[in-house]
Colleague: 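I am attaching a structure below and will ask some questions about it afterwards.
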2 protein chains.
Amino acid sequence: MAPTLPANRAASAGDTGRMSDIPARPAHYDLDSLLAVAVGVFNERGYDGTSMEDLARASGITKSSFYHHIEGKEQLLRLALERALAGLFAVTAETGAGSGRAIDRLEYVLRREVAVLADELPYVALLLRIRGNTGTEQWALEQRRTFDRFVSGLVAEAAADGDLRSDVDPALVARLIFGMINSMVEWLRPDRHRAGEIADAVVRIGLDGLRP
Amino acid sequence: MAPTLPANRAASAGDTGRMSDIPARPAHYDLDSLLAVAVGVFNERGYDGTSMEDLARASGITKSSFYHHIEGKEQLLRLALERALAGLFAVTAETGAGSGRAIDRLEYVLRREVAVLADELPYVALLLRIRGNTGTEQWALEQRRTFDRFVSGLVAEAAADGDLRSDVDPALVARLIFGMINSMVEWLRPDRHRAGEIADAVVRIGLDGLRP
DNA sequence: GTCTATATGTTGATAGAC
DNA sequence: GTCTATCAACATATAGAC
C-alpha cells in the first residue's frame with residue numbers, strides 16, 4: 001500500500017558505483033512515489049518552504065521532468081491531506097455511533113488513532129501542520145474540525161456516563177489527550193518505536209489517570 | 001488574495017499637530033510593536049508563507065517604511081524565538097537542579113510551562129512550528145532540545161525515585177506529557193481560557209494518573 | 001520521459017524623493 | 001519616517017528538442 005521512497009540523487013554525468021548503499025533510481029516514476037518523496041520534503045522544510053526545485057532534486061530528476069508527472073505543487077498537498085484524512089475518518093467509521101459504552105469506544109479510538117498516525121506518519125504530520133493558506137488547506141482544516149468534534153463528543157459522552165472524573169472539563173480533556181497523541185508526529189520514528197507500546201502509554205496516562 | 005486597503009492613511013506633509021484621530025494606527029512604530037504584529041501574521045500563515053508585503057499591510061504602512069524599522073525578515077523571527085526561549089529557560093532556572101523531590105519539581109515545571117505558554121503564546125507557538133530552514137531556526141531548535149533534555153531528565157529522576165509508575169518508559173512519558181502541553185498553542189485563547197485551570201487538568205491527566 | 005531554456009509572477013530588500 | 005519605483009533572485013510553471 002505505502003509506496004516506497006526513492007530518495008536518491010540526480011547524478012547528472014557520472015553516477016559512479018555507490019549503487020549498493022543507495023537504492024537505485026527507479027526505472028520509472030509515478031504519482032505515488034513522487035508524492036512520497038514530496039511529503040518527506042514538505043515535512044522537513046514545511047510546505048511553503050519547499051520549492052519545486054527542492055522536490056525535483058530529492059527525486060533525482062529535473063523540475064521539468066517532475067512536472068511531467070504532476071499537475072502542480074498544490075496537487076501533491078491535496079493528495080497527501082486526503083490520504084491522512086482518509087485514515088482518520090476510517091477510525092470514526094469503525095467506531096460507529098452508539099455500540100458499547102462511550103469510554104470503551106473512546107479507548108478504541110485512542111488506540112486506533114495512534115496506529116493510524118504511525119502507519120501514515122508523514123501524511124498525518126503534514127495535515128497537522130497546515131495553516132489554511134490555500135483552498136486545499138482550508139478544506140482539510142474543516143475536515144479536521146469535524147474529526148475533532150467526533151472525538152470531543154465521545155469524551156463528553158463518557159463523562160456523562162460517569163466514566164471520567166467530573167472535576168475536569170470534558171472538552172479540555174479531549175483537546176489535551178488528542179493533543180498528546182498528535183504531538184507524536186514530532187518525534188515518532190516507526191523503525192524505533194512500537195505503536196502498540198505508545199498506545200498503551202497514552203491510555204495509561206490519559207485514561208487510567210482519569211477514571212474515577 | 002486578502003483584501004488590501006490601508007484605509008487610515010495619515011496626512012503626510014502638513015501634519016503638524018493633530019494625532020488624536022485614528023486609533024487603529026499607532027502614533028509611532030518601534031521594533032517591539034512591529035514584532036508583535038509580525039508574530040501574529042507568522043502564526044496565521046506560517047513564517048515561510050508570510051511575505052514582507054503581508055507584514056507591511058498588517059502594520060498599516062508600506063514595505064519600505066517597514067524596512068526603516070527592522071533589519072530584515074529573519075531578525076523578526078530571531079527576536080520572537082529568543083523571547084519564547086527566554087520564557088522557557090526562566091522555568092529551568094527557577095527549578096534549579098536538586099532541591100526537593102523530583103516529582104515535586106516536575107509538577108512545578110509542568111504548571112510553570114503552561115503559564116509561560118499562555119503568557120507568551122504567539123512567541124512560543126512560533127517556536128514550536130519552526131522547521132530549521134535558516135540558521136536562526138536551527139539555533140532555536142537546538143535550544144529547544146536542551147530544554148527537552150532538562151524536563152526529560154526530571155521525569156527520569158522522578159521515575160527512579162519510585163514516584164511514577166514503572167510500567168511506562170520515562171522518556172516516553174516526558175514526550176507525551178510535554179507534547180500535551182505544547183499542543184495548547186493550537187487552541188488556547190488567553191481571553192477565553194484560564195491557564196491555572198488548564199495546568200490543573202494537565203497535572204490531573206498527566207501526573208495523578210501516573211503516580212503509583 | 002527527460003532534458004535545456006525560458007516565460008511570468010512574487011519575493012526580500014534598496015534607492016532616493018519629499 | 002513615509003512614500004513610489006525598482007532591483008536581483010527565486011518562485012511556479014511551460015515550450016519544445018531529443
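Sequence lines set the chain letters: A, B, ... in the order given, protein chains first and strands last, and positions in each chain run from 1.
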Colleague: In whole angstrom, give the distance that lies between atom OH of A/Tyr29 and atom P of C/dT2.
Modeller: 6 Å

Colleague: In this structure, how many angstroms lie between the C1' atom of D/dT2 and the NE2 atom of B/His69, rounded?
Modeller: 8 Å

Colleague: List in chain and number order the residues that pass side-chain contact (heavy atoms from CB on, under 4.5 Å) with A/Arg189, two or more places apart in sequence or in another chain; answer none if no residue qualifies.
Modeller: A/Asp191, A/Arg192, A/His193

Colleague: Indicate for each nucleotide in nucleotides 10-16 of chain D, in 5' to 3' sequence, whether protein heavy atoms under 4.0 Å reach the base (B), only the sugar-phosphate (S), or nothing (-).
Modeller: -SBBBB-

Colleague: What pairs meet the salt bridge (charged side-chain N to carboxylate O under 4.0 Å, His left out) rule with one or both residues in residues 113-126 of chain B, with sequence neighbours excluded?
Modeller: B/Arg83-B/Glu120

Colleague: In whole Å, what is the span from the CZ atom of B/Arg57 to the C1' atom of D/dC3?
Modeller: 17 Å

Colleague: For A/Thr62 and C/dC3, is the shortest distance between a side-chain N/O and OP1 or OP2 below 4.0 Å?
Modeller: yes

Colleague: Applying salt bridge (charged side-chain N to carboxylate O under 4.0 Å, His left out) as the test, list every pair that has at least one member in residues 178-188 of chain B; sequence neighbours left out.
Modeller: A/Arg131-B/Glu186, B/Arg129-B/Glu186

Colleague: Report yes if a side-chain nitrogen or oxygen of B/His68 is closer than 4.0 Å to either non-bridging phosphate oxygen (OP1 or OP2) of C/dT14; otherwise report no.
Modeller: no

Colleague: Check this one for me: any side-chain N or O of A/Ser65 less than 4.0 Å away from OP1 or OP2 of C/dG1?
Modeller: no

Colleague: Rounded to the nearest angstrom, tell me the gap between atom CG in B/Asn133 and atom P in C/dG12.
Modeller: 14 Å

Colleague: Which residue pairs pass the ring pair (Phe, Tyr, Trp, His ring centres under 6.0 Å) test when at least one of the two sits in residues 52-90 of chain B, sequence neighbours left out?
Modeller: none

Colleague: Of all residues at least two apart in sequence or in a different chain, which pass the salt bridge (Lys or Arg N to Asp or Glu O under 4.0 Å) check with A/Glu71?
Modeller: none

Colleague: Would B/Arg57 and B/Asp54 pass as an ion pair if we require N to O under 4.0 Å?
Modeller: yes

